[in-house]
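Take a look at the structure set out below.
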Amino acid sequence: MIPLPEKILYKEGSFVINSKTQIFFDDELEEIVDFFIEFILNSTDKILERTSSKKDKECIIFEIDQTLSQLESEGYLLIVTIDFVRLTATSPHGIFNGLQSLRQLLPPECEKISFNKNTEWKIPCIKIEDKPRFKWRGVMLDVSRHYQEIKTIKHLLDLMGLMKMNVFHWHLTDDQGWRIDIKKYPKLTEKGSKRKDSKIVKHIGKKYRGKPHQGFYTREDILEIVRYAQERFITVIPEIEMPGHATAAIASHPELSCRKEILDVAIKPGIFSNIFCAGQEETFRFLEDVLEEVIFLFPSEIIHIGGDEVPKRRWKECSQCQRRMKNENIDEVQSLHHYFTDRIASFLKSKGIITMGWNEILHNKIDRNVIIHWWKMNKKQVMTHIQEGGNVVVSRFFRYYLDYNYIVTPLKKTYAFEPVPKDLDEKYYTNILGVEATIWTEWIPTIERLEWQVFPRLSAIAETGWSLRERRNYKDFRGRLSRFSKRLDFLGVQYAPLEEVDPSNWYRFWHLRNAFKWPKI
Ligand code: ACM
Ligand code: ZN
């Protein structure tokens, strides 16, 4: 089972699902039960009959029990005996999580629609009491560098649900494409969602793919994804990058930059000096308008505003930015970034939204309600943020960036990573909200490529997010991963071969120069 539950007690015997099996459940669990009935029907051809009276034989029971407070909001208690299966939790989310464990107790073949209808569908007798270590177990998907199809996103959400992950961070804008329809600014998608070409790395004789790339999500698409995620108890957190990584927005609206020059949407990755002008009011009006539409579309209480990799060259030479600094008593351009962040964060706060941003937004006077997304260095400032009451989500790049090659980041390196810093006082542990895998897609144009990069490493991150630190053991995880991978086979996931994800140190050393070479895409 992945992630590993907190407490498991194995018993003798098993519960067999057959045509007499009935299902009893609390009314509020109707949707989850529908999902389970359909799942069983698809794989076994058996229809679980609903019953309104709880039975102690041939019965599967799903119940909410508020007295089980030790399970907190996401935990569950699963008891399987020869006679019955009983899943209890304090909330539907807990039941959903428990159902994922129940699913993993069934043979992997059950993931395949209409597999072998003659197989006996047995669940081993067991008692599991389980809850997550961290409340934030996320995945970030970059859809700017390569637009990702709705079906790819849904597939990812399905797999996240299976591993009890609960945050989908949607990186919607960047230099290489603006991918969210904003009614007030149609040019953002008319121009900003299209680019003329895409760089391909390390291909002899050819540096660019030689064809345009485009795509964006309509309001309907977004509502569809949000709903699909909600059904899997996953919160969708949108990211609108600012003030850097804004070439696609500036290509659509040159007036938002310091030089007002006409640009193309970027066709290669990198860090670009054209960023939003912090001097003019138009920039803030634009961003607030965009954020208002984003708030309307996404039910999340948190919005990610990026804030990473902001070159300040343009701000230094811009008369409007310089005027702003003078008027606001700001003595260096670095602090103009702080002004920018604080202004957007207080706008979002006025709308009841919590701001999140990459760790470059940190400064001494930042509102400690802002959530810091820790991806690189900056440890001192991150620790100060925590000690002053701030919250942090951990995505350290050498461990959790799933676009990296397995030579650079083998599975065991991702698994071994402990997100809570060693020297953090225990009283601050809850300020580490959790972990997030990132899927940057500069070199990920297809679902096959995505699956190869993401699996099996995402399973390691899911386990770190869920399971107790002292229960984590790499050898044991590898054993469970073999079985879990059979499930992925039936789900059609093309993960990287398990014998290739932990290259030896010698192999890594000799191939390090190839580490950033990606296969043909
Ligand atoms: C980042 O990787 N630039 C957050
Ligand atoms: Zn400016």
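As a basis for the values below, the full set of heavy atoms in this structure was taken, side chains included, without hydrogen atoms, waters or symmetry mates. Each ligand, and each atom within it, is numbered from 1 in the order the structure gives.
Test Glu463, Glu418, Glu6 against Arg472 for salt bridge (Lys or Arg N to Asp or Glu O under 4.0 Å) and you get one pass: Glu418.
Taking the six-membered ring where the residue is Trp, the centroids of Phe340 and Phe284 are separated by under 6.0 Å.
Within the 4.0 Å heavy-atom cutoff, Phe397 does not count among the residues contacting ligand 1.
Polar contact check, His245 against ligand 1: no nitrogen or oxygen pair lies under 3.5 Å apart.
The Zn ion (ligand 2) forms the vertex of an angle spanning SG of Cys321 and SG of Cys318; to the nearest 10 degrees it equals 110°. Cys258 contributes SG and Cys277 contributes SG; the angle these two atoms make at the Zn ion (ligand 2) is 110°, rounded to 10°.
At a 4.0 Å heavy-atom cut-off, ligand 1 touches Glu309 through the side chain alone.
A cation-pi arrangement is not found for Arg133 relative to Trp466, the charged atom failing to lie both closer than 6.0 Å to the ring centre and inside a 45° cone about the ring normal. Seen from the ring of Tyr228, Arg232 counts as a face-on cation partner, given the 6.0 Å and 45° thresholds. A cation-pi arrangement, defined by a distance under 6.0 Å to the six-membered ring centre and an angle within 45 degrees of its axis, is absent between Arg457 and Tyr415.
Protein heavy atom in closest approach to atom 3 (N) of ligand 1: Asp308 OD2, 2.5 Å. In this structure, the protein non-hydrogen atom closest to atom 2 (O) of ligand 1 is Tyr401 OH, 2.6 Å.
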**Residues Tyr185, Phe286; criterion ring-ring contact (aromatic ring centres under 6.0 Å, His included); working and verdict** = CA-CA 9 Å; Tyr185 299 96; Phe286 165 83; 4.7 Å; yes
